[in-house]
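The structure appears below as structure tokens.
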Amino acid sequence: MADGDRLAPARDTLAPPCPALFPPREERERREELLTQALFETGARVAEGAVAPTLDLAVFRDELAAFDFSAPMPVMCWVVDQMERGVTHTTHPRYFGLFNPAPSFPAQCADRIAAAFNPQLATATTSPAAVEIETHTIRAVARRAGLPEGSAGHFTTGGAEANYTALLCALTRAEPGFAAKGARAFAGEPVFYVSRESHLAWFKIAHQAGIGRNAVHLIATDGTGRMDTGALADAIGDDRAAGRVPAMVVATAGTTNAGMVDPLGRCAAIARMAGMWLHVDAAWGGAAIASAAMRDALAGIELADSVTMDAHKWFATTMGCGMFLTRHPDALAATFQIATSYMPPNRGGVDPYANSLQWSRRFLGLRLFMSLAAAGWGGYAQHVERCAALAGAIEAGLLARGWSIANGSRLAVVCAEPPPGSADIRTIVARVLASGRAWVSAAEFEGRPVVRACVTHGETSAADAAALVDALDAASRAPSFD
């Protein structure tokens, strides 16, 4: 075929669309009904079954090998069956694990709508309705967090991208030459500060930003899992004296292991005094802004230069839905602005491709928009307060069995220690997981091993919380001989 030639059959010989990829409407309706019914049925079985995977991996690999793609094979029901047996079920009401809640029904509906229309969210020109919905939702969340009018932001793939965005904005604000020259633009080594209890994706983020992992300075905690602000102030002074350039303070609002909140107001005061950017990583705890009763746990978040929240955590949307919020819209433009001949001009500064790390991306924000529209802030207040109350019930149940609570978080995260003479933490957790009755994890709090339980599911019941207490207590009784 000569250069530039195309396969161009005559009109009357053009093949029809591939029916497997683009089936007619009647067939689509049949398959969608089949899938919906299969998901409802498997969901009911999941709620009554084991939380951890029960997959025979050797058998699964043999079955998977049969999909050599040389010929079409039926797959939809097979995939549903494998997922039922082959994942830890975050949708199980006794999943007390990491920050991966069962998604709200409106968020699931939003995913189906977004998939059907498949808008490209790079520009407002191509997807004006989708971009406006996301912008409206971001502004609503920023207002609820107490950020000033005019604050902006965007949806992200998750907390890591949002935190990376914060670092890039902070570095660009600290040294405008960073945009063109990178770390070479700084007079000294740029550094930033996080609690040692923070999410340590910060090391990957620093590597990614080109300032190196040594730029992450871990600050000691105060014995309660919160950043020691005295140690923070000392570290900033020491770094300045050594010729380094402090660029950002990161305060965590809901640590991964223990759900603790750093002293946000004091961190803000230190950052302001030092002329630094304050970022609050509220990926999990940020949803507490919905509740008037819990809002004071996040006092000081309104002082932040930027905030991370994950809608796919306590806001209970489907996975891959983070948020970056900032009181400095100009910082986003300075960090990500770009012009190309194949994109429309970024008029009004609203195009996501010119104000965020991503270019092509999914319509993520519809998940939170539809959930907020369905429930309102009051519905979300009910959701987070209920989770916190269930965490309190777990704490009370364990205390009655002789356990102790290490963390004292208000954000539905329980770090518990068994009575003296019990099995070790990892053995207890392994026994609970093997029983299939619940899912918890082993963690550390202030250097001590703990059992970590987080109430993540919006439909977890008091009976589920009691079942977890029973499972933990039973698993702790027999000594470990490992």
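Position 1 is the first residue of the sequence, and the numbers go up from there. Computation of the quantities below employed the complete heavy-atom set of this structure, encompassing side-chain atoms and omitting hydrogens, waters and symmetry-equivalent molecules.
- Side-chain atoms of His312 come within 3.5 Å of backbone N or O of Gly320 as a donor-acceptor pair.
- No donor-acceptor distance shorter than 3.5 angstrom exists from the side chain of Arg144 to the backbone of Ala287, with no hydrogens or angles considered.
- Glu134 places a side-chain N or O within donor-acceptor distance of the main-chain N or O of Leu364, the cut-off being under 3.5 Å.
- Residues Ile270 and Ala233 share a closest heavy-atom pair of CD1-CB, 4.4 Å.
- For the side-chain contact (heavy atoms from CB on, under 4.5 Å) with Val249, the qualifying choice from Asp305, Asp262, Val280, Ile236 is Ile236, the only one to do so.
- Counting only distance, with no hydrogens or angles, the side chain of His457 and the backbone of Arg94 share no donor-acceptor pair below 3.5 Å.
- Residues Ile219 and Ala235 approach most closely at CD1-CB, 3.7 Å, considering heavy atoms.
- Closest heavy-atom contact between Val432 and Ala475: CG2-CB, 3.8 Å.
- Counting heavy atoms from C-beta on, the side chains of Leu298 and Ile289 come closer than 4.5 Å.
- Judged by the 6.0 Å and 45° rule, Arg452 forms a cation-pi pair with Phe99.
- Although no hydrogens or angles enter the test, the distance criterion places no donor-acceptor pair under 3.5 Å between the side chain of Thr335 and the main chain of Leu332.
- Other residues, nucleotides and ligands contribute only 12 or fewer heavy atoms inside 6.0 Å of the CE atom of Met83.
- Remark: the backbone N or O of Cys415 is paired with a side-chain donor or acceptor of Asn407 at under 3.5 angstrom.
- Using a cutoff of 4.0 Å between basic side-chain nitrogens and carboxylate oxygens, Glu161 and Arg361 are not scored as salt-bridged.
- Put simply, CZ on Arg386 and OG on Ser461 are 7.5 Å apart, with the number rounded to the nearest 0.5 Å.
- A pairwise comparison of heavy atoms in Ala185 and Phe178 identifies CB-N, 3.7 Å as the closest pair.
- At least one side-chain heavy atom of Asp239 sits less than 4.5 Å from a side-chain heavy atom of His217.
- Residues satisfying the ring-ring contact (aromatic ring centres under 6.0 Å, His included) criterion with Phe324, sequence neighbours excluded, are His154.
- By the ring-ring contact (aromatic ring centres under 6.0 Å, His included) test, His328 is found to be paired with Trp277, residues two or more places apart in sequence or in another chain being considered.
- Expressed to the nearest 0.5 Å, how far CZ of Arg213 lies from NZ of Lys204 amounts to 8.0 Å.
- Contact between Ala290 and Ala381 at its shortest, heavy atoms only, is O-CB, 3.4 Å.
- In this structure, His199 and Thr252 have side chains that are not in contact, with every pair of non-hydrogen atoms separated by 4.5 Å or more.
- Interatomic distance, Leu98 CG to Asn257 CG, rounded to the nearest 0.5 Å: 9.5 Å.
- Of all the heavy atoms in Glu385 and Ala293, the pair that sits closest is OE2-CB, 3.9 Å.
- Residues Phe192 and Val216 are in side-chain contact: their nearest non-hydrogen atoms beyond the backbone lie under 4.5 Å apart.
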Test side chain to side chain contact (heavy atoms under 4.5 Å, CB included) on Arg226 and Thr221 and set out the steps. CA-CA 5 Å; Arg226 300 173 177 87; Thr221 52; 5.9 Å; no
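- Heavy-atom neighbours of Asn214 CG from other residues, nucleotides or ligands within 6.0 Å: at or below the threshold of 12.
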List the steps and the verdict of side chain to side chain contact (heavy atoms under 4.5 Å, CB included) for Leu325 and Ser151. CA-CA 7 Å; Leu325 315 171; Ser151 293; over 6 Å; no
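- By the salt bridge (Lys or Arg N to Asp or Glu O under 4.0 Å) test, Asp296 is found to be paired with Arg410, residues two or more places apart in sequence or in another chain being considered.
- You'll find the side chain of Leu278 reaches within 4.5 Å of the side chain of Cys267, heavy atoms only.
- For the pair Val131 and Thr123, the minimum side-chain heavy-atom distance is 4.5 Å or more.
- The backbone N or O of Val450 lies less than 3.5 Å from no partner atom in the side chain of Glu417, so there is not a single donor-acceptor pair.
- Here the side chains of Leu368 and Tyr380 are in contact, with some heavy-atom distance below 4.5 Å.
- In terms of modelled atom types and a separation under 3.5 Å, the side chain of Asp228 and the main chain of Gly230 share a donor-acceptor contact.
- Other residues, nucleotides and ligands place no more than 12 heavy atoms under 6.0 Å from the CD atom of Glu459.
- Contact annotation: the side chain of Met370 approaches that of Cys109 to within less than 4.5 Å [non-hydrogen atoms, C-beta and beyond].
- Between Arg401 and Asp470 there is a salt bridge, since a side-chain N of the basic residue sits under 4.0 Å from a carboxylate O of the acidic one.
- Side-chain atoms of Thr255 come within 3.5 Å of backbone atoms of Gly259 as a donor-acceptor pair (strictly under, hydrogens ignored).
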Are Gln120 and Ser360 close enough, and set up right, to give a side-chain hydrogen bond (donor to acceptor under 3.5 Å, both in side chains), and what steps lead you there? CA-CA 6 Å; Gln120 160 61 289; Ser360 300; 2.7 Å; yes
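- The neighbour count for Arg139 CZ, taken as heavy atoms of other residues, nucleotides or ligands under 6.0 Å away, does not exceed 12.
- Rounded to the nearest 0.5 angstrom, Leu472 CG and Arg437 CZ are separated by 9.0 Å.
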For a side chain to side chain contact (heavy atoms under 4.5 Å, CB included) check, start with the C-alpha distance between Leu121 and Phe155, then their side-chain angles and the critical distance, and finish with the verdict. CA-CA 10 Å; Leu121 255 76; Phe155 283 88; over 6 Å; no
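- The local environment of CZ in Arg448 is crowded, with over 12 non-hydrogen atoms from other residues, nucleotides or ligands closer than 6.0 Å.
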Audit row: Glu175, Leu171, side chain to side chain contact (heavy atoms under 4.5 Å, CB included) steps and yes/no: CA-CA 6 Å; Glu175 172 47 72; Leu171 291 169; over 6 Å; no
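- Side-chain N or O atoms of His92 include one that pairs as donor or acceptor with a backbone N or O of Val46 at under 3.5 Å.
- Put simply, CG on Asp473 and CG on Leu398 are 8.0 Å apart, with the number rounded to the nearest 0.5 Å.
- The structure places CG of Leu167 at 10.0 Å from OG of Ser306, a figure rounded to the nearest 0.5 Å.
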